[in-house]
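Right, one structure below, let's go through it.
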Amino acid sequence: MSNQPTQNQNKGAYLSLMKGLKELDLRGLCVPSDLLLIGDHSFPLAMNSQGQTLMAASLYGSGRIVVLGHEGYLTAFPALVENALTWLRGEGSDNLTVGVNNKVKAVADNLSKSSFQVKMVGSLGDSREFGVYVTDAYSMGADIKNLVAFMKAGGGVLIAGQAWHWAANHPKENTLLQFEGNKVSGVAGIYFSKSHGEMEYLPVYPQVPSSWMAVVNGMDFEDDLEFLLTGVSEFDLQGSAVSSEILVHGSLAFPIGTTKDGQTFLAGSYYGQGRVIVVSHEGFLGRQTLAPFWNNAIHWLDEGRQGVVGIASKNALAILSNSGLKCESTEFKEGLSVFVSTAYSDKHAKEIREFVAEGGGLLIGGHAWNWSQINPGQNELTHFPGNHILNTMGLSLLRGTIIGGLHKAPEPKQFIKDNYHFRHLLHRFSGHVAHGEKLSKHEEENLKRLGRDGSIFLHMDAKECSSYTQVVSSPTAIVMKSGMPQVCDSCPVKTPKDHLLLSLATEIYKVSPNPDALLPYLIKDNPLMPVVYNHKIKTDVDTAAEEWISTGLYLSPGMKTYIAMPEEIVNKGWKLTFLEVIKHIPSRGISAPSSPQHLGGKFQGSSQNKSGGPIEVTVQMAVPAPYYKSGVTTPADWSLLRTAPSPWAELEFENIILTIPSDVVRSLERPDELAKLWDEIMRSIADLAAKPHKFPRKERFVTDVQISHGWMHAGYPIMAHKATAAELVSTAHIRGKGLWGPIHELGHNQQRGCWEFQPNTTECTCNLWSVYVHEEVFGIERGKAHPAMALEKRNGRAKTYAEGGKKLATWSMWVALETYMQLQDKFGWDAFKKVFAAYFKISSPKDNNGKMNLYAVTFSQTVEMNLSAFFKSWGWPIDAATEEKLSTLPTWSDHPMVQYG
């Protein structure tokens with residue numbers, strides 16, 4: 001969705017239009033149409049208790065439009081009409097001339113005593129004397145194009161009518177597209193629907209109306225799919241092209257091609273009087289196997305005009321030139337019937353949106369995942385160029401990917417019946433929560449997906465857009481009705497409904513116009529904790545790598561504070577990362593603000609591309625946490641700090657920081673002894689990796705109730721389940737039983753692609769550090785450090801591998817580790833240190849065959865022995881060039897694999 005108009009402009013327009021009005025009594029003989037609103041600029045003026053919009057306004061081009069759901073409202077509410085005329089002529093305009101169509105003569109009578117100069121006319125024609133034109137929504141004929149042009153050039157249009165009667169007399173025609181009034185108002189994003197509006201007495205509120213009850217009066221799209229899929233049985237997305245997922249969120253948008261899992265890679269939409277189709281990789285536009293679909297698509301977009309198809313995508317020209325339409329290679333220009341483009345430029349975004357709104361067709365292809373990788377931290381919904389065109393049309397390209405394959409084309413009737421649509425299911429779920437409306441099995445199966453899509457949609461953060469705020473009102477009402485699951489280790493989230501609530505609640509809180517009102521529904525058990533005030537945090541960071549800086553503070557759920565940041569770190573890549581405790585609520589972060597800034601959540605500082613030097617920040621109010629830092633925290637300090645009320649504690653040592661539940665450190669009396677042990681562990685890890693003892697960035701280890709995958713995983717931070725926390729802080733446990741898993745993950749962080757042979761060694765070479773640390777630091781021999789390292793098991797794996805044909809496909813994890821252990825048994829740990837050191841000075845091939853030959857050469861030259869035969873005995877692809885290079889060295893002829901032939 002685009003950046004105009006702003007929320008304040010919408011609110012200001014609404015207040016101008018409703019000035020002096022306290023209520024609207026819509027009860028009576030006028031049965032209005034429910035109005036459907038789309039796009040960035042339309043907003044409701046009157047909405048009944050059913051969520052039906054009965055009056056609305058919008059902007060288009062330089063002009064404005066007000067739409068009333070029945071022509072009787074033109075005379076029933078004279079004050080509203082005068083307000084509308086004033087707003088429609090625009091700020092700064094001194095043109096008081098109002099053209100009134102003869103069919104609504106009564107409007108002129110009501111305006112006889114106003115300051116407006118009224119002129120009765122049979123049609124607008126090409127007249128430019130009017131500032132505003134008033135008409136009903138029927139039988140406009142040639143005036144349609146003139147009215148759109150008039151509005152686009154800066155004129156104001158007041159149009160009133162209802163479409164339900166017309167729809168009853170034209171049952172086979174699409175009301176949204178064919179009803180005369182919609183050919184004008186639809187361009188500005190307001191449609192008369194075939195649904196009756198409920199007539200009520202409505203108070204006029206001081207804010208733009210919004211309701212979770214709002215029904216999406218869209219289309220079923222069956223006829224469109226029938227046309228588009230004629231002669232199409234499957235979509236060929238095979239090959240190396242990786243496409244993006246498409247979020248279908250508009251009322252008039254629909255999926256065309258989806259995977260078995262429901263991911264959309266091809267979708268269409270109506271927008272104004274035009275149409276759009278988006279495919280999530282531009283390469284597919286030129287794919288011959290998709291030619292039958294593209295032929296259908298280009299004719300669907302052209303709508304029988306037989307006009308010119310302008311093609312700005314080189315991939316598409318050859319395929320579309322066989323469509324029977326006139327195709328030419330061109331950038332966007334006037335006079336086209338259809339425009340074909342990629343999604344990587346928003347140079348003509350406004351013109352393209354208007355082109356489609358006024359009846360043009362748009363075919364656009366592209367993906368957002370690569371853009372997201374190149375632009376880390378940026379939101380593809382709001383910053384990706386293609387979405388500046390597509391968002392307002394109800395479609396968005398996401399960073400999520402779809403892997404190539406053959407995907408069956410849907411059967412239109414069944415597809416429509418089973419189709420998941422974000423807006424429709426959100427409305428249905430709102431009714432389910434509020435009124436107990438029963439969901440179908442298919443709807444229940446899609447609730448988890450709804451939560452994910454809802455969370456993504458809310459990242460659009462388009463508070464200026466009525467259709468966005470309308471969506472926001474639904475999950476807000478849902479959360480306030482049901483509350484958020486109070487998730488914890490003993491109360492995990494299991495049901496689709498709870499997954500949905502958990503996905504939406506945090507995002508709704510971020511975009512809510514009144515987040516404080518939501519807090520009691522989000523957090524039900526939130527005991528007060530002691531706090532510290534005006535706490536100063538000093539740090540000195542000079543690394544360019546992204547790094548978390550511990551604060552020793554915690555913000556309990558819903559707690560707010562102010563933080564003063566020095567000017568020199570503003571816009572220098574600093575970020576405040578909130579760590580909140582499905583079982584677990586996702587984290588969130590914001591960029592370092594100028595001083596002061598209002599914040600809420602539990603946080604650590606994160607820095608990247610910093611200016612260097614010491615800095616000091618001041619936190620107005622926060623909960624103290626148990627926080628120990630080697631060389632800084634004294635025994636007296638710790639005796640108090642370990643009792644600090646925060647549920648999270650941090651222990652910061654020379655090269656590692658442990659983030660653990662506070663209950664595991666309450667009884668920790670000698671953190672200095674634990675620090676000494678962890679310093680020894682980390683130095684030994686550096687030793688084996690042939691690196692300096694001082695890590696450029698301290699490793700981090702975080703234990704939590706739930707992590708993204710596995711029991712532990714490497715990264716920054718290393719993550720582990722909470723049960724591991726007590727082991728990490730017990731010197732007796734570490735020295736007595738070891739820490740195979742945690743050292744395994746620290747070993748992962750030492751792996752380097754130049755001597756890794758993925759995927760074979762991914763879970764193998766990291767264990768070199770586990771063996772090394774257990775033997776060299778803990779004094780625990782490898783056979784006792786892990787059951788799989790017992791000698792009989794090692795020998796058994798080597799024998800089974802050799803007898804199985806020495807196939808590299810099975811050379812992984814423990815089997816692969818035995819190769820390295822045999823080298824270590826013969827040459828010791830110093831050989832590995834020298835080999836790892838050598839790799840800092842040599843360049844490595846990219847393929848495994850080349851890398852394995854280089855490793856054989858490097859290790860052989862390091863130990864001054866020809867190891868070709870040894871590596872070949874393990875099935876390594878040692879080539880003749882390697883053997884020749886090592887031929888002058890003595891051969892290791894009695895290696896352990898000789899016995900297996």
Side-chain angles (χ1 to χ4, degrees), residues 1 5-28 30-59 64-70 73 76-77 79-81 83-84 87-88 158-160 162 185 188-193 195-217 251 423 426-427 430-431 434 462-481 508 511-514 517-518:
M1 297 178 177
T6 67
Q7 187 181 21
N8 287 337
Q9 282 176 320
N10 267 359
K11 184 176 180 181
Y14 173 77
L15 292 175
S16 295
L17 286 160
M18 309 311 285
K19 182 179 179 180
L21 299 173
K22 303 298 183 185
E23 72 278 327
L24 295 171
D25 189 352
L26 304 184
R27 298 169 296 182
C30 297
V31 180
S33 271
D34 182 11
L35 303 177
L36 169 65
L37 309 187
I38 68 165
D40 289 354
H41 305 298
S42 60
F43 58 96
L45 300 176
M47 184 178 284
N48 65 20
S49 62
Q50 306 302 306
Q52 294 178 306
T53 298
L54 307 180
M55 301 178 184
S58 187
L59 309 180
R64 303 175 174 186
I65 187 171
V66 170
V67 180
L68 308 180
H70 196 284
Y73 295 165
F77 304 105
L80 173 62
V81 170
N83 288 346
W87 180 76
L88 286 168
L158 174 57
I159 184 171
Q162 48 78 19
S185 64
I190 304 174
Y191 296 87
F192 298 89
S193 82
S195 299
H196 298 81
E198 293 296 323
M199 300 172 289
E200 298 176 2
Y201 173 87
L202 302 180
V204 174
Y205 295 104
Q207 64 277 341
V208 179
S210 181
S211 170
W212 67 265
M213 293 282 288
V215 180
V216 179
N217 286 308
S251 302
R423 296 282 293 273
L426 183 60
H427 176 76
S430 300
K463 297 186 183 74
E464 76 285 350
C465 175
S466 179
S467 61
Y468 176 85
T469 57
Q470 195 66 55
V471 172
V472 169
S473 68
S474 290
T476 300
I478 290 169
V479 169
M480 295 181 76
K481 183 72 177 178
I508 276 294
V511 301
S512 173
N514 187 9
L518 276 177

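By convention here, the first residue in the shown sequence is residue 1.
Between the T53 side chain and the M47 main chain, no donor and acceptor come within less than 3.5 Å of each other. Of the possible donor and acceptor atoms, one in the side chain of S512 sits under 3.5 Å from a partner among the backbone N and O of N514. Between the D34 side chain and the H196 main chain, no donor and acceptor come within less than 3.5 Å of each other.
Pairs passing the salt bridge (charged side-chain N to carboxylate O under 4.0 Å, His left out) check and including a residue from residues 18-27, sequence neighbours excluded, read D25-R27.
Counting only heavy atoms from C-beta outward, the side chains of V204 and Y14 approach each other to under 4.5 Å. Using a 4.5 Å heavy-atom threshold, the side chains of V208 and P44 count as touching. Residues P32 and Q162 are not in side-chain contact: their nearest non-hydrogen atoms beyond the backbone lie 4.5 Å or more apart. Using a 4.5 Å heavy-atom threshold, the side chains of L158 and L68 count as touching. Counting heavy atoms from C-beta on, the side chains of M199 and C30 never come closer than 4.5 Å. Residues M55 and L24 form a side-chain contact, since some pair of their non-hydrogen atoms from C-beta on lies under 4.5 Å apart.
Across every non-hydrogen atom of P475 and L426, the tightest pair is CD-CD2, 4.1 Å. The shortest heavy-atom contact between S33 and S193 is OG-O, 2.9 Å. Taking each heavy atom of I65 and S185 in turn, the nearest pair found is CD1-CA, 3.8 Å. The minimum heavy-atom distance between L54 and G197, with the atom names listed, is CD2-CA, 3.8 Å. Between A79 and L21, the closest heavy-atom pair is CB-CD2, 3.9 Å. Considering every non-hydrogen atom in both S474 and S430, the closest pair reads CB-OG, 3.6 Å.
Taking OG of S251 as the start and NE2 of H427 as the end, the distance is 11.5 Å to the nearest 0.5 Å. Here the CG-CE distance, from N83 to M18, works out to 8.0 Å after rounding to the nearest 0.5 Å. From L202, atom CG reaches atom CG of L26 across 4.5 Å, with rounding to the nearest 0.5 Å.
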Subject >> Trace of the side chain to side chain contact (heavy atoms under 4.5 Å, CB included) decision for V81 with V66 >> reply: CA-CA 9 Å; V81 170; V66 170; over 6 Å; no

**OP:** Decide yes or no on side chain to side chain contact (heavy atoms under 4.5 Å, CB included) for C465 and H41, but give the supporting numbers first.
**Re:** CA-CA 6 Å; C465 175; H41 305 298; over 6 Å; no

**OP:** Could you check V67 against Y191 for side chain to side chain contact (heavy atoms under 4.5 Å, CB included), going step by step and ending with a plain yes or no?
**Re:** CA-CA 9 Å; V67 180; Y191 296 87; over 6 Å; no

**OP:** Walk me through it: do F43 and T469 pass the test side chain to side chain contact (heavy atoms under 4.5 Å, CB included)?
**Re:** CA-CA 10 Å; F43 58 96; T469 57; over 6 Å; no

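Among residues two or more places apart in sequence or in another chain, the side chain to side chain donor-acceptor pair (under 3.5 Å) test is passed with E200 by S49. Taking N48 as the reference, Q52 meet the side chain to side chain donor-acceptor pair (under 3.5 Å) condition, with sequence neighbours excluded.
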